[in-house]
Amino acid sequence: MRAWATMNPWKLLGFFAGLVTVVISIHPLLSPDVFMYVAIADHWLANGVPTQDPFIIDPTKPFQIMHEWLSYFVFWTVNEIGGVDGEILFKAGLFAAMSAVVTRAAWRFKAHWFAYSAALALALTSAHFRMSERTSLFSDLFQLVCLVIALRLFSDERIPVKRMSVGIFLLFALWTNLHAGWLFGLFLVVGGVAARFISRRSEGPLERRLVVLIIAAIAGLFVHPQGVFGVLYPFEFSQTLRKLYSMYYVEWAPIYVELLLNFIEVKVFLGFSILFSLVALVAGFRRSLFEGAFLLFLVALLVGPTYIHSRFVVVSSFGLAMLVAFTFRERPAPTFRQVSAVSLVASAVAAFFLIWPVKNEASPVKLGVDATLMPTTALEELGKLPEANVFNSHEFGGAIAWRYRGRYKVVFHGFDTDPARFLNDYFPAFENEQACLRAIQKYRIRYFFLDRHGGAASIWKFLEKHGWTIKAYDSAAVLLVAPAM
């Protein structure tokens, strides 16, 4: 007990925050994109860098997703070591790292223990529905690191420019090869440097040397095998695919759309983001007009994107928790009794997730795949059929590519960068019978691999009327084969 009482209280808070983060983020695989990450890296190792999509029927455009090539090899390595379970645990580790960044920042800022604990608890709740295995998690983590840099530039008396510039260069060099979300991080670094200039916390040479931080970030972006393409991709994406994705993918929809409002986590985020944004801004403006304006910039940069695209809810939640910790800074260190209370609550939450039974009488903390979301039997049965083209529900494109390494070409998957294919052929096939027949003929389709729970029911019934037969099905998918096969 004495050793517990003499430990650094922030280390204890960080430990229990990490424990809860890991426990609540471990659940069956959520992102089918993981299969495509692994398939791309595997194809690359076997055949070299793909110039055209090796998994899709009649590719019409260059394979334009190699900007995040390093992420594919990271997920491939994790899969080689631990399989699907390894991917889930790796995801949990990334979320634990985000929690650690927030806790470390709160420690540095000497934040109020209760403000930090409450904000992080709400952040974890808000981010829970988006705790999936995605390359965007690297951007979420690195953006939090950039937020720490911006807040330090605003508040610290001394800035180790040389060491920080090297760290920023390495961060952005790694970032541009892992994911294309670095633009928000660059805004944070630029904003932090600008705030330092405006506040004139540093005089003379140091103030001018801070520009090196921006130069280091930009220089790091060009450390990419595709050169300037790695820098241009986010801008190209915003002009083309972002608009398309916003129309058809729920993760690109605003956080307040009716479908997402069915999630309790989304309702928590809406309340959390509004309330704590106002609290941070009021407290900031009470200190000074300049601090209030700086916090307004950070809130807009961190929270605003989620109201446009829900996929940013993770970094918005953790980032807002850090801003709350920064707002309530320079407070006394938490006492042993206060830390014990938080630790007790955290342990209870972790135990609840580990023990609480659900419908299948299993803990919510599970590894593997969810059989209602990921095909199993149907996917195995596909491999027993002659190789031919497949019309698939898009969420299964990655699984087919991963399992059969391009032997069965798919009509569409989530990594296809050709909007015309999606708008003119794929999407209309689910809407009317004539479009479906045109797609069958155009892409020489011999199999349909469809989602049993989405909008594929109508096309499934239509195919049966035209002589297509069900070859296999499971809780997630149904496999149909063409007549006379």
Side-chain angles (χ1 to χ4, degrees), residues 21-23 25-50 53-56 63 65-98 130-142 174-175 177-181 225 251 311 314 365-383 390 392-410 413-416 449 474-477:
T21 302
V22 168
V23 168
S25 60
I26 293 178
H27 37 60
L29 193 78
L30 287 180
S31 174
D33 285 355
V34 168
F35 298 115
M36 185 59 82
Y37 303 155
V38 176
I40 292 172
D42 201 59
H43 184 277
W44 192 339
L45 290 172
N47 305 286
V49 181
D53 192 328
F55 309 111
I56 210 163
F63 210 28
I65 58 170
M66 303 312 294
H67 57 281
E68 55 183 28
W69 66 274
L70 187 56
S71 284
Y72 305 147
F73 282 100
V74 170
F75 280 94
W76 178 86
T77 302
V78 172
N79 186 74
E80 288 293 302
I81 296 172
V84 169
D85 292 349
E87 305 285 11
I88 297 168
L89 294 174
F90 177 66
K91 177 269 306 275
L94 289 176
F95 274 98
M98 294 181 214
R130 179 73 182 169
M131 287 184 169
S132 57
E133 304 76 14
R134 304 292 293 272
T135 58
S136 59
L137 293 180
F138 294 115
S139 282
D140 295 334
L141 175 60
F142 293 164
L174 182 62
W175 197 344
N177 290 280
L178 286 170
H179 192 256
E251 68 173 354
R311 72 193 315 271
V314 170
V365 181
K366 291 179 63 179
L367 298 173
V369 299
D370 185 342
T372 64
L373 299 177
M374 303 294 176
T376 52
T377 303
L379 189 62
E380 292 300 317
E381 290 298 319
L382 176 63
V390 182
N392 59 293
S393 295
H394 84 276
E395 63 266 34
F396 298 148
I400 296 172
W402 160 76
R403 183 66 178 83
Y404 297 111
R405 303 298 192 260
R407 286 168 46 207
Y408 298 87
K409 305 294 184 183
V410 298
H413 57 67
F415 289 62
D416 185 18
F449 199 91
D474 52 35
S475 298

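Only this structure's heavy atoms are used, side chains among them; waters, hydrogens and symmetry mates stay out. One-based numbering along the sequence shown.
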Task: Check: Asp33 main-chain N/O paired with Ser31 side-chain donor or acceptor under 3.5 Å - done: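 Yes; at least one donor-acceptor contact below 3.5 Å.
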Task: Backbone of Gly383 reached by a side-chain donor or acceptor of Tyr404 within 3.5 Å - done: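 A pair under 3.5 Å: yes.
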Side chains of [X] and [Y], heavy atoms from C-beta outward: is any pair under 4.5 Å?
| X | Y | answer |
| --- | --- | --- |
| Asn79 | Val34 | no |
| Phe396 | Val390 | no |
| Phe449 | Tyr408 | no |
| Thr135 | Leu178 | no |
| Ile88 | His27 | no |
| Ile400 | Phe55 | no |
| Val38 | Glu87 | yes |
| Leu137 | Asp140 | yes |

How many angstroms lie between atom [atom1] of [X] and atom [atom2] of [Y], to the nearest 0.5 angstrom?
| X | Y | atom1 | atom2 | answer |
| --- | --- | --- | --- | --- |
| Trp76 | Ile81 | CH2 | CD1 | 9.0 Å |
| Ser136 | Leu141 | OG | CG | 11.5 Å |
| Leu29 | Leu373 | CG | CG | 9.5 Å |
| Ile26 | Thr21 | CD1 | OG1 | 11.0 Å |
| Arg407 | Leu382 | CZ | CG | 8.5 Å |

So, for [X] and [Y], which heavy atoms are closest and what is the spacing to 0.1 Å?
| X | Y | answer |
| --- | --- | --- |
| Ser139 | His179 | OG-ND1, 2.7 Å |
| Arg130 | Val314 | CG-CG2, 3.5 Å |
| Gly398 | Phe35 | O-CB, 3.4 Å |
| Met374 | Pro32 | CE-N, 3.8 Å |
| Lys91 | Met131 | NZ-O, 2.9 Å |
| Thr376 | Asp474 | N-OD2, 2.7 Å |

Open item on the list: For Phe142 and Trp175, take the angle between the two ring planes, folded into 0 to 90°, and tell me which bin it lands in: parallel under 30, tilted 30 to 60, perpendicular over 60.
Closed with: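 Ring orientation of Phe142 relative to Trp175: perpendicular.
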Task: Parallel, tilted or perpendicular: rings of Phe90 and Phe138 (30°, 60°) - done: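 Aromatic pair Phe138/Phe90 classed tilted.
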Open item on the list: Tell me which one of Phe75, Phe73, Trp69 satisfies ring pair (Phe, Tyr, Trp, His ring centres under 6.0 Å) with Tyr37.
Closed with: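 Passing option: Phe75.
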